[in-house]
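Worksheet: the structure to be examined is printed underneath.
Numbering of residues begins at 1 and proceeds along the displayed sequence. All values reported here derive from a predicted model rather than from experimental measurement.
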Amino acid sequence: MTTRRKFIKQSSAIVAGGLLGENLFSACQPKEIVLTNRSGVQWRWEDIQFFLRNTEDGRTLPLPVAKSKRTSDYSAEFSGQTKVDGVPFTFKLKATIDEDAPVASFTPSWEVEKDIKNWEAGIAYQKDFSGEWRAESYPFAGNSDKVDINPMRYCGIPGALVYRPDLSTVFLFAIDSRSDYLNPTTWTGKTRFVFESGMTAPTFFACGGEIAAGTKYEFPLQVFIDHSGKFTTAVPNIVEAWMKTVDYKVEPLFVRTPQEFFDLTIDGRLKASFWFEGKGYEHHRGTPFIYVGNNPYIAYFEYLLYKKTGNRVWRDRAFQQIDFTLKGQLANGCLHTSYNIKDRGKAGKKGEFVSWDWGHNGYKVDINAWAARYILETWNAVKEHENLDKKEWYDAAIRSLDWVLKQQNEDGGFPQCVDMDTNGNETKKSQSVVCGRLMDAFPKVAKITGNDIYLKKALEAEKFMCEKVESRFWYTGAHPDLPPEDFEQDSVYAVVEYWLDKYDRTGEKDALDHAVANAYYALLYWCPKQLSWVTKPTQCAHSEQQNYNQYSVYNYGNRKIQCLDRLHKATDNRLFEQLKNRVMQIFFATQITDGEYKGSVHEAIADPWLERGANYDFTIDGTRGRNSPYTSELVSDMMIQLIYLGLVR
């Protein structure tokens, strides 16, 4: 895993707002107004910059304050007027601090008498900003020392987490989510965010080069700061302060009952045209391969169905899927992850086992650990239920795990994939990534096999995760069809599951603290409310991944719903129960309820910035191949959780 992540998306080199410390206001500043809360936290006028910037030549225009006044013990107001290309520009800025917490709100507003072109409004937060910093704004920047997101979109909480590498200071600089932020149908859709460590303070720009007469612009921003120096305290402190400030509420939603979702799934799968006898399920509609890396997981789910229903079709399919997976095992123990059901050009011919996952070729370490775990889980379930020992399954799983153990990197972490040459030989291992499936699998494998080497290796991966993932807010590697540095959401809940399992195993409070902090951190990625221009549910949806932006509700290789239920029971925090119910229902909203793919789920629920389709609700467009129904891991993820939570008969 790289220690520094640079993400630059800009048409020209820009230093927004000048060098840190350069003040863009007039020489006569209202410095006598200092806001101090009851904890001694102070906020001064110099902590922010409010200015205009010319989008053509980069010139900045200061906004001289004519009037300033303290409006309460914890708030102040500043106003003034200047001329921009001869047009009067009137502005006001309201600043408020929380009475107790290190939280501040800055709301600039402005208007013009005539339209002005080629200018944008900027507001930067620059208090104590010397030295080295990083920024995270999902999904566009992670562990980044330089950022230009233009335009901003697909944020969860709409802003950026900015932090020193040692976490001595962490702050969230965000747009107030109660506003109609980033709406592409209004001026707020032309918002960008810029930052460069040591050079450019975290800065929001609004209007995109056109400030129109007749519009009363208002751009509410907030800063939430923590100095605790620890991931497990910084994230909860910031997110809880954010929830309190914006009065965050989980919006109730009902689509269908868990039993209705369950029954629709079973009915659809029994009649499925996407089932390939003796092999497995088409990954999703139009996929040219069966993702055999998921076969053991689906087999485990379907064996659970057999135990619940007594219907032998599920037992037969479970056995067939594992048996077929074993046919793709290499001599070194590695399991191929795909089987081509159509010719795929350089990705192989029909009838071949390969490790090409869409455009990404290489042996998948995390998926091998995942597959081996569920081969063993199914082996164990069959042995207990039928007194039948499928020894060939067990032996194949151990061979796969032996291969996985050999791939560990020197930093203690594991690579997402191992590259191969044209003859299929192993070459270069990738950087270490979260490998959340592996981390969740190893303690369970240790319990099934009685071999503590897997638990030892999980603890080594845990150390890597604490130092190189959590402390850098840099979660990568969950999507096996993308490069290992791809920044994504699904690793976070695999980490939550790991820590909850460790808490259950050891009773260590620190493990629970890590689980809670990661769940809070995931909220930064999730849409905080119903977006005004989208009719499909958006609260708690998230951008799927860095390279494929759409609002999804993935439980991809982790048990998000079950984790939220466990968090609620372990902490008695009702927020987690409310999130569990909400996420479960928006997932139900993606289910296909009739037709050939009945019981499958859509890959996405909305496209709020039209990056993938022709409408914000991401309606299926078969001619463009949009929103393909998924038949495999997404369905199985949810069904296993419903069974384990006792929500279905």
Query raised in the report: Between Phe204 and Phe173, is the gap from one ring center to the other below 6.0 Å?
Result: yes
Query raised in the report: Can Asp617 and Tyr551 be said to form a side chain to side chain donor-acceptor pair (under 3.5 Å), step by step?
Result: CA-CA 10 Å; Asp617 284 328; Tyr551 265 177; over 6 Å; no
Query raised in the report: Distance-only, no hydrogens or angles: does the Asn37 side chain make a donor-acceptor pair with backbone N or O of Tyr74 under 3.5 Å?
Result: no
Requested in this report: May I ask you to decide whether Asp100 forms a salt bridge with Arg38, counting only side-chain N to carboxylate O separations under 4.0 Å?
Outcome: yes
Query raised in the report: Do Gln489 side-chain atoms and His542 backbone N/O form a donor-acceptor pair below 3.5 Å?
Result: no
Query - Distance-minimising heavy-atom pair for His514 and Cys466 - result: CE1-SG, 4.0 Å
Query raised in the report: Mind checking whether Trp119 and Cys207 have side chains closer than 4.5 Å, heavy atoms only?
Result: no
Report summary line: CD of Glu77 to OG1 of Thr96, rounded to nearest 0.5 Å, is 9.5 Å
Report summary line: Closest non-hydrogen contact found for Gly131 with Ser197 is O-OG, 3.8 Å
Query raised in the report: Is it true that the side chains of Asn183 and Thr188 contain a donor and an acceptor less than 3.5 Å apart?
Result: no
Report task. Using modelled atom types only, decide if a donor and an acceptor are shared between the side chain of Tyr163 and the backbone of Glu136 within a distance under 3.5 Å. Result -> no
Query raised in the report: Closest approach of Ser137 and Gly159, non-hydrogen atoms and distance?
Result: OG-O, 2.8 Å
Query raised in the report: When the ring planes of Trp110 and Phe50 are compared, do they come out parallel, tilted or perpendicular, using 30° and 60° as the limits?
Result: tilted
Query raised in the report: Can a donor-acceptor pair be found between the side chains of His479 and Glu488 at a distance below 3.5 Å?
Result: no
Requested in this report: For the residue pair Gln126 and Gln49, confirm or rule out a side-chain donor-acceptor distance under 3.5 Å.
Outcome: yes
Requested in this report: Using atom types as modelled and distance alone, determine if a side-chain donor or acceptor of Trp533 lies under 3.5 Å from a backbone N or O of Pro608.
Outcome: yes
Report task. Kindly compute the distance separating CG (Asn118) from CG (Asp85), expressed to the nearest 0.5 Å. Result -> 8.0 Å
Query raised in the report: Donor-acceptor pair, Glu251 side chain versus Gln530 backbone, under 3.5 Å?
Result: yes
Query raised in the report: Is there side-chain contact between Tyr248 and Leu575, with at least one heavy-atom pair below 4.5 Å?
Result: yes
Query raised in the report: Per the side chain to side chain donor-acceptor pair (under 3.5 Å) rule, which among Gln81, Glu113, Glu111 passes with Thr90?
Result: Gln81
Query raised in the report: Looking only at atom types and distance, does a side-chain atom of Asp226 sit under 3.5 Å from a main-chain N or O of Val170, one as donor and one as acceptor?
Result: no
**Report entry** Residue pair Asp607 / Tyr154, side-chain donor-acceptor N/O under 3.5 Å
**Finding:** yes
Query raised in the report: Checking side chain to side chain contact (heavy atoms under 4.5 Å, CB included) for the pair Val469/Tyr475: CA distance, chi angles, key distance, verdict?
Result: CA-CA 6 Å; Val469 176; Tyr475 295 73; 3.7 Å; yes
Requested in this report: Any chance you could lay out the side chain to side chain contact (heavy atoms under 4.5 Å, CB included) test for Thr191 and Asn150, step after step, and finish with the verdict?
Outcome: CA-CA 7 Å; Thr191 298; Asn150 183 23; over 6 Å; no
Query raised in the report: Between Thr571 (side chain) and Asn573 (backbone), is there a donor-acceptor pair under 3.5 Å?
Result: yes
Query - Salt bridge Lys502-Asp510, side-chain N to carboxylate O under 4.0 Å - result: no
Query - Side-chain donor or acceptor of Ser144 paired with backbone N/O of Gly142 under 3.5 Å - result: yes
Query raised in the report: If you measure from CD1 on Ile238 to CG on Leu161, what distance do you get to the nearest 0.5 Å?
Result: 5.5 Å
Query raised in the report: With no hydrogens and no angle check, is any side-chain donor or acceptor of Arg44 less than 3.5 Å from a backbone partner on Gln42?
Result: no
Report task. Would you kindly say whether Glu462 and Tyr498 are connected by a side-chain donor-acceptor distance under 3.5 Å? Result -> yes
Name the atoms and distances for all side-chain donor-acceptor pairs under 3.5 Å in residues 215-223, with sequence neighbours left out.
residue	atom	partner	partner atom	Å
Tyr217	OH	Ala212	N	2.7
Gln222	NE2	Asp176	OD2	3.1

Query - Min side-chain heavy-atom separation Val194-Phe205 under 4.5 Å - result: yes
Query raised in the report: Are side-chain heavy atoms of Ser471 and Phe231 found at a separation under 4.5 Å?
Result: no
Query - Closest contact, heavy atoms only, Ala519 versus Phe576 - result: CB-CE2, 3.9 Å
Query raised in the report: Can you find a pair of side-chain heavy atoms, one from Leu35 and one from Arg70, that are under 4.5 Å apart?
Result: yes
Query - Nearest heavy atoms of Ile605 and Ala541, plus distance in Å - result: CG2-CB, 4.1 Å
Query raised in the report: From Glu210 CD over to Ile116 CD1, what is the distance, rounded to the nearest 0.5 angstrom?
Result: 10.0 Å
Query raised in the report: Does the pair Met439 and Phe464 meet the rule for a side chain to side chain contact (heavy atoms under 4.5 Å, CB included), with working shown?
Result: CA-CA 11 Å; Met439 293 190 63; Phe464 164 82; over 6 Å; no
Report task. Just do the ring-ring contact (aromatic ring centres under 6.0 Å, His included) check on Tyr520 and Trp242 with the steps written out, would you? Result -> CA-CA 11 Å; Tyr520 272 128; Trp242 171 80; over 10 Å; no
Report task. Hey, can you tell me if Trp43 and Tyr125 have their rings parallel, tilted or perpendicular (30° and 60° cut-offs)? Result -> tilted
Requested in this report: Report the distance from atom CG of Leu564 to atom NZ of Lys560, rounding to the nearest 0.5 Å.
Outcome: 8.0 Å
Query raised in the report: Hey, what's the ring geometry for Tyr525 with Tyr521, parallel, tilted or perpendicular (30° and 60° as the breaks)?
Result: perpendicular
Query - Side-chain touch Trp609/Leu531, heavy atoms, less than 4.5 angstrom - result: yes
**Report entry** N-O pairing of Lys117 and Asp115 below 4.0 Å
**Finding:** no
**Report entry** Nearest atoms (heavy-atom pairs only) where Ala174 meets Ile157
**Finding:** CB-CG2, 4.1 Å
Query - CA sep, side-chain torsions, deciding dist, call: Phe140, Phe487, ring-ring contact (aromatic ring centres under 6.0 Å, His included) - result: CA-CA 8 Å; Phe140 296 105; Phe487 189 35; 9.6 Å; no
**Report entry** Audit row: Asp180, Lys529, salt bridge (Lys or Arg N to Asp or Glu O under 4.0 Å) steps and yes/no
**Finding:** CA-CA 10 Å; Asp180 193 30; Lys529 68 174 186 180; 5.2 Å; no
Query raised in the report: Does any non-hydrogen side-chain atom of Val496 lie less than 4.5 Å from one of Val516?
Result: no
Query raised in the report: Are side-chain heavy atoms of Ile586 and Cys540 found at a separation under 4.5 Å?
Result: yes
Query raised in the report: If you round to the nearest 0.5 Å, how far is OH of Tyr493 from CZ of Arg559?
Result: 15.5 Å
Query raised in the report: Taking atom CG of Asp166 as the centre, does the number of heavy atoms from other residues, nucleotides or ligands within less than 6.0 Å exceed 12?
Result: yes
Report task. Give the C-alpha distance, both sets of side-chain angles, the deciding distance and a yes or no for side chain to side chain contact (heavy atoms under 4.5 Å, CB included) between Ile225 and Val41. Result -> CA-CA 10 Å; Ile225 297 185; Val41 177; over 6 Å; no
Query - Donor-acceptor under 3.5 Å (Asn558 side chain, Asp490 main chain) - result: yes
